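Small disclaimer: the values here were computed from a predicted structure and weren't measured. Note that ligands are numbered from 1 as they come in the structure, with each ligand's atoms numbered from 1 the same way. Note that the numbering runs from 1 along the sequence shown for the chain.
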Amino acid sequence: MNIGIDQISFYTSQYFLDLRTLAEARGVDPDKYVIGIGQSTMGIPPPDEDVVTMAASAAVQLKERGALDGVETLLFATESGVDQSKAAGMFVHGLLGLPERCRVVELKQACYSATAALRMAMGLVAMRPKSKVLVIASDIARYELGSPGESTQGCGAVAFTISADPRVLSIDPEAGFYADDVMDFWRPNYLSEAQVNGKYSMLIYIKALKAAWKQYAEESGRSLDDFARFCYHIPFTRMAAKAHQKLARGISDEDLEKVIGESLIYSREAGNCYTASLYVGITSLLDNAAEDLSGKRIGLYSYGSGCVGEFFSGVVRPGYRDALLTDEHQTLLSERVELTFQQYEDIYHYGIPTDGGEHVFPQYRTGPFRFAGMESHKRIYERV
Ligand code: CAA
């Protein structure tokens, strides 16, 4: 039975900071960010946008197409959770008016958990082939101001449905996966900024990739030549390039661009989307590939610090382009509003009140939903 991604939708903040603006403010050569890190802009969520509103804004586009009919389970992957108890997906369930007969749960393992959700979703669909699972990955990448990680911030959400006989990408059963208890990147509950040992995190990302790929290759009998394209977890686009160069040693710049270039277009603009990043890459590839990828195999690498890495693959379905939301994604990115450096810092410092009082948040540009305020320690969401 073919099981995989039936429909996929991407959303990011309506605001961005140009990395050249950041470089100027921090006294850094802009080429370090644009060429060395490989990022052009980063999505910055305003005070009334969070992982819930981004997730709902991604998923509502699927709902409007009837793609959520028959969804029995909502798996929400994030490492920017908004509550220690209530799953962020519960708010989305309410905002989208999903049926009462629905399982809702939140998953965490840094940037890896959306892939865990995909695997669990495939298991559920294998047991009940007529059922459908909605997976949403939504995150805000936030580091300390002035730290090396600052240029690798970003935000975004991807919503996708897993079903039998999918329209977009069937997922192969083979996978290589690897876990190691390391402290390369983490965020204690009492901090709103991630802590990271940057260089070490890059080494571990590659170590996990090599182990996962070796296992995948042994299990599947496939080699790199069996793939038309590759999508990686994208903390910043140069990381994906470095990763592929490790697997395909000596690859020319031209061939590297051919096999990963289209998958990096959206991330270069939105920045790191943590759990969503690999899936932003898949969306970017399918939306932007000039070549018809029908029937072609795509290599996929998911990485979550701490750490778990998984190499897996999928085959693009014939006619997949009819199921994509390419125009919506490209319009969203082209209509974003640029922030000045001062506006960026002001938004960064806008803290969520913790006093239990009643607070109404200023209205910025968002998708169809906004995080309107707080009351008695409850988050209030509304439709715009
Ligand atoms: N022109 C062109 N390139 C330049 C340049 C210039 N003027 N100045 C520097 N560069 C290049 C450097 O040579 C370097 O490239 P190479 O690695 O190919 O040599 C690149 O720009 C970056 O420069 P530095 O190594 O000096 O950068 P840094 O140490 O200040 O910060 C970072 C880089 C460590 C990635 C930092 O941004 C960071 O900590 N980011 C967060 C952690 C992260 O994203 N880790 C990735 C793996 S972990 C993961 O994937 C999980 C996750 O999502 C977080």
Compute whether any side-chain donor of one residue and acceptor of the other, for [X] and [Y], lie under 3.5 angstrom apart.
{"X": "Arg336", "Y": "Thr41", "answer": "yes"}
{"X": "Thr152", "Y": "Asn272", "answer": "no"}
{"X": "Tyr279", "Y": "Thr115", "answer": "yes"}

Where do Leu325 and Ile8 come nearest, in terms of heavy atoms and distance?
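What the structure gives for the nearest pair is CD1-O, 3.7 Å.
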
Residues forming a side chain to side chain donor-acceptor pair (under 3.5 Å) with Asp83, sequence neighbours excluded:
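For Asp83, no residue satisfies side chain to side chain donor-acceptor pair (under 3.5 Å) once neighbours in sequence are set aside.
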
Can Asp184 and Lys207 be counted as an ion pair, charged N to O under 4.0 angstrom?
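The answer is no: the pair does not qualify as a salt bridge.
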
Ligand-protein N/O pairs under 3.5 Å (ligand 1):
residue: ligand 1; atom: 7 (N); partner: Asp29; partner atom: OD2; Å: 2.9
residue: ligand 1; atom: 17 (O); partner: Lys242; partner atom: NZ; Å: 2.8
residue: ligand 1; atom: 18 (O); partner: Arg238; partner atom: NH2; Å: 2.6
residue: ligand 1; atom: 18 (O); partner: Lys242; partner atom: NZ; Å: 2.8
residue: ligand 1; atom: 25 (O); partner: Lys199; partner atom: NZ; Å: 2.2
residue: ligand 1; atom: 27 (O); partner: Lys32; partner atom: NZ; Å: 3.4
residue: ligand 1; atom: 29 (O); partner: Lys199; partner atom: NZ; Å: 3.2
residue: ligand 1; atom: 30 (O); partner: Lys32; partner atom: NZ; Å: 2.7
residue: ligand 1; atom: 37 (O); partner: Pro148; partner atom: O; Å: 2.9
residue: ligand 1; atom: 40 (N); partner: Thr152; partner atom: OG1; Å: 3.3
residue: ligand 1; atom: 45 (N); partner: Ser201; partner atom: OG; Å: 2.8
residue: ligand 1; atom: 50 (O); partner: His233; partner atom: NE2; Å: 3.3
residue: ligand 1; atom: 53 (O); partner: His233; partner atom: NE2; Å: 2.8
residue: ligand 1; atom: 53 (O); partner: Asn272; partner atom: ND2; Å: 3.0

